[in-house]
Amino acid sequence: SSVCLSHQIVFWWVGKVDVHEIRELLDSEPEKDLLHYNKAKQEQKMSIVEQAREYERRYHEELYGNHGLSEPGTWLFKPAAYALKSLELVSKQEYVRALDLGGGVGRHSIPIAKHFGPTTEIICVDLLETAIKRMAINAKSQGVSNIKGITADVETFGLGDKPYDLILSISCIEHIPTKTRLENFI
């Protein structure tokens, strides 16, 4: 299950290892076996991380394909309350620049655009091209034209030189697969 995968990933991030396995390895050829153990664990971890990412990709593709934005009974029904509350932290001004990481189909980008108005520049980044295409359709149907959709992995997405007034990351950065890569992102 995905919960199990997530827990294993978290444990690897904090360096949890099987002490009994290490003791057995150290009793034989310590340096060689410990390197082999570390390499095997790294390969296993990456395999599990890739499995988890693939599961998440399929889940979201299916969700976005079968359910619309604002559909009752799904988490797409409305934006997260804390995301909307965060808009109050940014003063309304003539121009606001916002970044929505893992923005999906526009669940938060569209309300941001409506809140700050048509002079706002919103960048919505998502790993799934289908999500970005659906976001553009959703935005157009709600009369919003100031959201730029970008298909990219947030790990490698360049923030550029222009500052943002708001950066939103709802259910996104926890998908970065390793602690080191998360630290590099931040």
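Looking at heavy atoms from C-beta onward, Ile122 lies out of side-chain contact with Phe116 at the 4.5 angstrom threshold. Using a 4.5 Å heavy-atom cutoff, the side chains of Asp126 and Met135 are not in contact. By the 4.5 Å heavy-atom criterion applied to side chains, Leu127 and Arg57 are not counted as neighbours. Side-chain contact check for Leu69 versus Gln142: some heavy-atom pair is nearer than 4.5 Å. Within the 4.5 Å cutoff, the side chain of Glu121 has no heavy atoms near those of the Asn146 side chain.
The main-chain N or O of Gly106 is never found under 3.5 Å from a side-chain atom of Ser109 such that the two would form a donor-acceptor pair.
Under the 4.5 Å side-chain contact rule for hydrophobic residues, Ile170 and Leu89 do not share a cluster. Note: the hydrophobic cluster containing Leu168 does not contain Phe77 (ILVMFWY, side chain heavy atoms under 4.5 Å, direct or indirect links). Hydrophobic clustering of Ile, Leu, Val, Met, Phe, Trp and Tyr side chains at less than 4.5 Å, counting indirect connections, unites Trp75 with Tyr82.
Ile123 contributes atom CD1, which lies 5.5 Å from atom CZ of Arg97 (distance to the nearest 0.5 angstrom). Once rounded to the nearest 0.5 Å, the distance linking OH of Tyr164 with CG of Leu101 reads 8.0 Å. In this structure, the separation between CZ on Arg134 and CD1 on Ile132 is 12.5 Å, given to the nearest 0.5 Å. Between atom NE2 of residue His108 and atom CG of residue Leu84 there is a gap of 6.5 Å, rounded to the nearest 0.5 Å. Note that CG of Asn66 and OG1 of Thr74 are 11.0 Å apart. Values are rounded to the nearest 0.5 Å. From Ser70, atom OG reaches atom CD1 of Ile110 across 7.5 Å, with rounding to the nearest 0.5 Å.
Across every non-hydrogen atom of Ala113 and Val144, the tightest pair is CB-CG1, 3.4 Å. Of all heavy-atom pairs spanning Ile147 and Ala139, the tightest one is CD1-CB, 4.3 Å. Shown here for Thr151 and Leu128, the closest heavy-atom pair between the two residues is CG2-C, 4.1 Å.
Taking the six-membered ring for Trp and thresholds of 30 and 60 degrees, Tyr64 and His60 have ring planes inclined between 30 and 60 degrees apart.
Annotation for Glu129: atom CD does not count as buried by contact number, only 12 or fewer foreign heavy atoms lying within 6.0 Å.
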Pair Arg58-Glu54, salt bridge (charged side-chain N to carboxylate O under 4.0 Å, His left out): steps then yes or no: CA-CA 6 Å; Arg58 283 193 320 263; Glu54 178 60 20; 3.6 Å; yes
